[in-house]
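Order of listing sets the numbers, starting from 1, for every ligand and every atom in it.
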Amino acid sequence: MDTAKFIPQMEPWFGTEEKEAMIKYKEGGWLTEFNRTLEFEKRICDFTGSKHCIVVNNGTISLTLMALAAGIGYGDEVIVPNYTMIATPNSVKILGANPVFVDVEPETLCMDFDKMKSAVTEKTKAVILVNANGRYPKYKIDKLVDYCTVNGLILFEDSAQSLGSFYPNKVHQGTVGLAGSFSFSAPKIISTGQGGAIVTNDDDFNFKLRRLKDFGRSGGGNDTHDSIGYNFKFTEMQAVIGNEQMKKLEWRIERKKQMYMRYKMGLKGLDKVRMFDQDLDSTTPWFIDVLVEDRQGLHDFLKTNGIGTRFMYPPINSQEAYKLQGDYPISNYVGMNGLWLPSSSQLSDSEIDRICNLIRSFYVGH
Ligand SMILES: Cc1ncc(COP(=O)(O)O)c(C=O)c1O
C-alpha cells in the first residue's frame, strides 16, 4: 500500500526526514490522540512492565478516573496518607467520597500499615498508597496487596513521583494494585507540560478507563454512547514531547541518583540536616527532600544567595480545605521541618557542592 498518498498535503519544502516521519505516523490531520500517543503509551508499558497504559490530561484526573472506573462514589471512604500532594485526596473528594487520612512512616513518608488497618471501616472502599519521592514502604508491598485482597479493598498507587522507581523485587511502582497513576507535570522526571497516565494489568478496567476518558463512546471516533463518559484525553503534541522525554529517562534516572549521592556526601556529618535513606538500587529520588532545623532561616539564607528551596507539603488534615482533627505526628513534623533542595537534573556537581557548602556555613554557630 502506498501510505504516502494518505498524507493530504506534503509540503514541497519538506526534506526526506520529515517525509519519512509523516509516512511512519500517518497522522492524517489528527492532533488529538493518535499514533504518537499510542507510541508514548507503549513506551510507558515497556518501561513499567504494565499491560496497559492510558494517558490523560494530568496526574490528578488519572486518580479521579481510576476511582470513577472502580465505582467509587458518594459516601465511600478512601484511605490516603496525610503526607502527600493535595491532589491525592481531592481526586476522590470530587466524586463525593471521603478521604480518610492516616499518618506515614518516619523513614519513608509512605503510608503506615498499622495505622491504615486501624482506619478501615465498613465504608472503606479503597486505599491509595503514595510512593513518596519514589520510595516504597518499609513493610513488604505484598503485605499491603494481600491485606487489600483479603478485605475486599481496592488498592491504587499514586506513583506521580515514581517513574523510574521499583519495589525491591524489581516490580515497577504503580503496578501492584488494580491501577497506578503517574504525573508528567513540569517538575517530574519526565514532563509533557501537563499530563498523566494510568497503568493497569486488568483488561476490563483498561476498557472502562478508555471509555470514560473518551465521552463514553462505544467505539473509536463514533458518536454512539453506551455509557457516560468525559473528555480526559491527551494530545499528539504532548505525546511528541513525551516520546522524546522517554528517550532521556534512563539518563535522568542515573543523574538523579548521582545527585542524591553528591548531596549526601556534601551534607555528611551535619546533624541539623537529615536526608532520607533511599534505596538507589531500586528507586530514583525525584526531589532531594530533607528534614532541617530552622527551616525558615535556612530557606531565607539560601534565597539571599540565589538558591530556591521549597517547603514540603503540610499535613493535609490541617489544610483549610479539610480541617480535620487527628493525631499525625510524622506528617506534622514534616510539615514544620521538611524542605526540598534544588533537584533539577541540569544542576552540575559544582552547583550542588556550592549549595551544600552554603548550608554548612548557615549552621556554623547555630
Ligand atoms: C503524589 C502526587 N499525586 C498527584 C499529583 C498531581 O499530578 P498533576 O499535577 O499532574 O495533576 C502530584 C503532583 O505533584 C503528586 O505529587
Can you see which heavy atom on Gln194 is nearest to which on Gln238, and at what distance?
O-NE2, 2.7 Å
Matching residue for Asp289 among Gln278, Arg310, Arg135 - test: side-chain hydrogen bond (donor to acceptor under 3.5 Å, both in side chains):
Arg135
For residues 336-343, run the donor-acceptor check on the side chains, cut-off 3.5 Å, and write out each pair with its distance to 0.1 Å, sequence neighbours left out.
unit_1	atom_1	unit_2	atom_2	d
Asn337	ND2	Tyr333	O	3.0
Ser343	OG	Ile288	N	2.9
Ser343	OG	Leu341	O	2.6

According to a hydrophobic-cluster definition based on side-chain heavy atoms being under 4.5 Å apart (Ile, Leu, Val, Met, Phe, Trp, Tyr only), do Phe34 and Ile54 belong together?
no
Can you get from Tyr147 to Tyr167 by hopping between Ile, Leu, Val, Met, Phe, Trp and Tyr side chains that sit under 4.5 Å apart?
yes
Counting only heavy atoms not in Asp203, do more than 12 sit closer than 6.0 Å to its CG atom?
yes
Sorted by chain and residue number, the residues having a heavy atom closer than 4.0 Å to an atom of ligand 1 are Asn58, Gly59, Thr60, Thr84, Met85, Ala87, Thr88, Val130, Asp158, Ala160, Gln161, Ser183, Ser185, Lys188, Gly195, Tyr313
